[in-house]
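Have a look at the structure below before the remarks.
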Amino acid sequence: MFSFIKKNAAANWNDWRWQLCETIDSPEKIREYLNLSPEELAEIIEVHKKFPLKISLYYLSLAQSKSLQDPILRQCIPSLQEIEQDNGSLDALGEENSSPVPCLVHRYPDRALFISTNYCSTHCRHCMRKRRWNADITSKEELYKAAEYIAQTSEIREVLISGGDPLLLPEEKLSEIIEVFSSLDNIEILRIGSRLPVVLPQRFTKDFCQLLAKSKKPIWLATHFNHPQELTAEAAQAIDNLLKQGIPCINQTVLLKGVNDDAQILAKLFTGLLKIKVKPYYLFHGDPISSAMHFRTGVEKGLQIMDELRGRVSGLALPAFAIDLPNGKGKIRLEPDTVLEKDDKGNAYYKNYQGEKVYYF
Ligand SMILES: *Cc1c(COP(=O)(O)O)cnc(C)c1O
Ligand code: SF4
């Protein structure tokens with residue numbers, strides 16, 4: 001449907017700087033690509049004032065229809081539901097309260113999350129850090145304060161470099177962050193969270209992947225594929241370039257109503273990720289984030305999908321289904337119930353993947 005975008009761009013398509021320059025960042029620009037009614041355009045303009053629209057041309061080109069229900073468009077086109085009254089919170093996970101120093105969230109004993117930037121190339125409408133879209137970029141001083149805190153907190157073994165998208169930082173700045181954290185004696189690994197393999201895979205040139213690999217400690221890359229339409233040749237190439245530099249990749253999917261809340265779609269996504277050598281790590285139920293409440297499916301729906309996938313796709317393809325408790329209480333992994341009944345000896349009847357009741361002693 002949108003393949004004409006790529007054809008017109010031909011020579012520049014694989015240049016990530018060109019992609020960044022061409023980013024669609026106004027309702028008027030998106031209008032050129034979609035058949036919006038005046039009402040739809042007015043709605044987008046209204047939502048854009050509060051939660052700005054931003055879409056890479058590459059990501060837009062993945063849409064297969066002009067319907068706003070297309071799983072790609074649903075993830076990036078503003079919807080009126082974002083500014084309707086809801087019972088969510090913009091900081092539902094209480095990140096600002098588990099911050100010992102600015103831009104560092106320390107919730108679990110052995111790992112801490114550093115918010116390196118608030119900048120993204122494409123704004124996901126379900127983003128759980130929308131509250132920061134308009135905030136400042138993390139300063140050098142904040143970086144060194146965070147590093148000092150981590151150095152003094154010897155239980156911390158892992159730093160998650162998050163954002164925004166850390167891999168959009170200027171290279172010197174990114175190198176400095178990696179250098180500072182990977183030089184700390186107590187730090188064993190770094191984990192970078194980035195959606196660029198999905199929205200700007202052109203960024204992963206050989207040189208750039210080599211720069212990441214200069215880290216003194218192993219780097220893991222956690223990315224965010226939500227739909228099989230996002231599994232393209234460009235994405236596969238980006239992952240391959242990372243793997244060739246020894247950077248393993250895992251994926252965190254958010255369960256999104258009307259995008260991927262379907263066992264068949266997720267089976268295709270998870271097995272497709274294995275084919276490009278990305279391990280599905282988490283499937284998150286949507287957090288109660290104000291402005292993203294319309295994407296939530298209900299926890300039961302997620303459990304039902306996990307139950308359908310169990311035994312039907314490779315165990316390697318199955319992520320952990322998880323919720324993140326409000327106010328910084330942490331993540332919980334949930335499993336569909338498999339114990340049907342227990343006898344007086346404490347042995348149980350289990351439900352297997354075919355729904356049969358089987359006794360285990
Ligand atoms: C999710 C999260 C982590 C990482 O948790 P894992 O289960 O190791 O993936 C770390 N810190 C914070 C604040 C988080 O929200
Ligand atoms: S890439 Fe991540 S931080 Fe950026 S808008 Fe999407 S969900 Fe939010």
Side-chain angles (χ1 to χ4, degrees), residues 23 25 51-56 59 72 74-78 82 90-100 103-135 137-138 146 150 153 155-169 188-201 203 220-227 230 250-254 256 259 279-287 289 291-292 295 319-334:
T23 296
D25 56 4
F51 300 117
L53 158 158
K54 218 165 160 198
I55 314 169
S56 70
Y59 195 63
I72 299 295
R74 221 174 127 71
Q75 290 183 71
C76 63
I77 304 290
E82 293 175 49
L90 275 177
D91 184 20
L93 305 186
E95 290 188 322
E96 307 293 346
N97 288 334
S98 353
S99 249
C103 301
L104 193 75
V105 186
H106 186 202
R107 181 168 299 153
Y108 306 108
D110 79 331
R111 50 218 192 274
L113 184 150
F114 178 66
I115 299 180
S116 60
T117 169
N118 301 299
Y119 186 73
C120 285
S121 72
T122 295
H123 280 170
C124 314
R125 307 319 300 181
H126 56 274
C127 178
M128 51 88 88
R129 295 216 182 95
K130 270 183 182 172
R131 67 177 191 281
R132 299 186 66 106
W133 278 2
N134 298 318
I137 294 220
T138 302
I150 293 171
T153 315
E155 311 92 271
I156 301 180
R157 292 188 290 131
E158 173 178 354
V159 183
L160 283 79
I161 303 172
S162 184
D165 209 308
L167 299 187
L168 282 175
L169 285 167
E188 295 172 357
I189 60 168
L190 303 182
R191 189 190 323 179
I192 297 182
S194 169
R195 207 178 184 205
L196 293 195
V198 184
V199 296
L200 195 72
R203 181 69 185 99
W220 285 68
L221 189 108
T223 188
H224 179 177
F225 286 90
N226 285 334
H227 193 276
E230 297 166 350
I250 57 169
N251 188 67
Q252 309 192 141
T253 296
V254 182
L256 299 169
V259 174
K279 165 74 185 123
Y281 173 47
Y282 274 129
L283 171 66
F284 286 119
H285 184 255
D287 295 320
I289 299 292
S291 82
F295 283 114
F321 178 55
I323 55 175
D324 218 329
L325 297 174
N327 307 317
K329 295 298 178 184
K331 292 183 182 67
I332 306 268
R333 294 169 177 233
L334 302 174

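Atoms within each ligand, like the ligands themselves, are counted from 1 in listed order. For clarity, every value in this text was computed on a predicted model and none was experimentally measured.
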* Asked: Using a threshold of 4.0 angstrom between heavy atoms of the protein and any atom of ligand 1, which residues qualify?
  -> V105, R107, Y108, R111, L113, L160, R191, Y281, Y282, K331
Exercise: do [X] and [Y] side chains pair donor with acceptor under 3.5 Å:
X	Y	value
N251	T223	no
S99	N97	no
S291	K130	yes

* Is the closest basic N to carboxylate O distance between R131 and D91 below 4.0 Å? -> yes
* Could you tell me whether E230 and R195 have a side-chain N and a carboxylate O separated by less than 4.0 Å? => yes
* To do: Please name all residues satisfying side-chain contact (heavy atoms from CB on, under 4.5 Å) with P100, sequence neighbours left out, ordered by chain then number.
  => L104, H106, Y149
* Is the shortest distance from atom 5 (S) of ligand 2 to a protein heavy atom below 4.0 Å? -> yes
* Structure fact -> Under 4.0 Å from one or more heavy atoms of W133, ligand 2 contributes atoms 5 (S)
* **Listed once per pair and sorted, the side chain to side chain donor-acceptor pair (under 3.5 Å) pairs that draw on residues 319-333, sequence neighbours left out** => none
* Determine the interplanar angle of the F51 and W133 rings, folded into 0 to 90°, and report it as parallel if under 30°, tilted if 30 to 60°, perpendicular if over 60°. => perpendicular
* **Closer than 2.8 Å to atom 4 (Fe) of ligand 2 - protein N, O or S atoms, ordered by chain and residue number** => C120 SG
* To do: Just do the side-chain contact (heavy atoms from CB on, under 4.5 Å) check on L93 and V105 with the steps written out, would you?
  => CA-CA 11 Å; L93 305 186; V105 186; over 6 Å; no
* Between S162 and R129, is a side chain to side chain donor-acceptor pair (under 3.5 Å) present by the stated rule, with each step listed? -> CA-CA 11 Å; S162 184; R129 295 216 182 95; 2.9 Å; yes
